[in-house]
Amino acid sequence: DYLLRMIAQMGRVLAQARRLLLQGKHAEAGGELERAAQHGGVDLRILVALDEPSLRPLLTTGGEIDRPKCALFAEVLYLEWSRAAAMGRQEMAERIADRALLLYRLAYDDIVVDEETRTRATELEEFLGAS
């Protein structure tokens with residue numbers, strides 16, 4: 001029951017961040033995204049700043065990659081990438097896109113991915129390819 005409430009709460013936080021981004025309220029969306037990352041157990045700035053080897057220990061549970069955690073952080077970073085790109089922060093957007101793609105790969109490697117998630121990952125790849 002507790003776990004289901006936490007999942008629902010995270011869904012609401014991410015939905016609110018999306019709404020704020022669509023409304024152009026980038027600073028407020030940033031606050032929501034920071035809150036979402038903290039609920040997942042990692043500061044948003046840490047997710048962006050650390051390289052893959054340094055980030056991996058934060059993404060494991062019992063020595064295995066925690067796919068749900070990676071999926072959550074990938075979604076948070078996808079929205080943070082949208083925010084950075086909308087604010088004209090190209091270099092930061094590139095760094096975030098790279099990290100989000102890493103998290104998508106860790107979360108969904110060798111499993112079926114829904115169309116919406118695949119579209120997000122493709123959008124990030126195209127952004128990085130165009131940069």
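Heads up: numbering here begins at 1 and tracks the sequence.
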Item to check | Minimal non-hydrogen separation, Phe127 against Ala97, with atom names | outcome: CD2-CB, 4.0 Å

Checklist entry - Any sub-3.5 Å donor-acceptor pair from Arg35's side-chain atoms to Val13's backbone N or O? => result no

Next on the checklist: Among residues at least two apart in sequence or on other chains, which ones pass side-chain contact (heavy atoms from CB on, under 4.5 Å) with Glu115?
Outcome noted: Arg118, Thr119

Item to check | Met10, CE: over 12 other non-hydrogen atoms inside 6.0 angstrom | outcome: yes

Checklist outcome for this item: When rounded to the nearest 0.5 Å, the distance separating CG of Asp98 from CH2 of Trp81 is 13.0 Å

Item to check | Gap between atom NZ of Lys69 and atom OG1 of Thr61 - 0.5 Å precision | outcome: 5.0 Å

Item to check | Spacing of Leu50 atom CG and Leu102 atom CG [to the nearest 0.5 Å] | outcome: 11.0 Å

Checklist entry - Does any donor atom in the side chain of Glu34 or Gln38 lie under 3.5 Å from an acceptor atom in the other side chain? => result no

Checklist entry - Shortest non-hydrogen contact from Tyr108 to Ala71? => result OH-CB, 3.5 Å

Next on the checklist: Taking Ala84's backbone N and O only, do any of them form a donor-acceptor pair with Arg89's side chain (distance below 3.5 Å, no angle check)?
Outcome noted: no

Checklist entry - With hydrophobic residues grouped by side-chain heavy-atom distances under 4.5 Å, do Ile96 and Met87 end up in a single group? => result no

Item to check | Ala121 to Leu101 - nearest heavy-atom pair and separation | outcome: O-CD2, 3.5 Å

Item to check | Shortest non-hydrogen separation from Leu72 to Ala36 and the atoms involved | outcome: CD2-O, 4.5 Å

Next on the checklist: I'd like to know if Leu103 and Leu128 are part of one continuous hydrophobic network [Ile/Leu/Val/Met/Phe/Trp/Tyr, side-chain heavy atoms within less than 4.5 Å].
Outcome noted: yes

Item to check | Single-linkage hydrophobic cluster Val112~Ile65, side-chain heavy atoms < 4.5 angstrom | outcome: no

Item to check | Closest contact, heavy atoms only, Asp66 versus Pro68 | outcome: OD1-CD, 3.1 Å

Item to check | Pairwise distance CG(Leu14) to NE2(His39) - rounded to 0.5 angstrom | outcome: 10.5 Å

Checklist entry - To the nearest 0.5 Å, how far apart are CG in Asp109 and SG in Cys70? => result 11.0 Å

Checklist entry - Cut-off 3.5 Å, side chains only: do Gln16 and Arg19 have a donor facing an acceptor? => result yes

Quick one: side chains of residues 21-29, donor-acceptor pairs under 3.5 Å with protein atoms, not counting sequence neighbours, listed by atom name and distance.
unit_1	atom_1	unit_2	atom_2	d
Gln23	OE1	Lys25	NZ	3.4
His26	ND1	Gly24	O	3.3

Next on the checklist: Could you measure the distance from the CG atom of Leu77 to the CG atom of Leu44? Nearest 0.5 Å is fine.
Outcome noted: 6.0 Å

Item to check | Nearest heavy-atom neighbours spanning Glu32 and Leu20 | outcome: CG-CD1, 3.8 Å

Next on the checklist: Between Arg56 and Glu52, is the salt bridge (charged side-chain N to carboxylate O under 4.0 Å, His left out) condition met? List the steps.
Outcome noted: CA-CA 6 Å; Arg56 275 187 178 261; Glu52 181 178 350; 2.9 Å; yes

Checklist outcome for this item: With sequence neighbours left out, the residues meeting side-chain hydrogen bond (donor to acceptor under 3.5 Å, both in side chains) with Glu75 are Arg18, Tyr104, Arg120

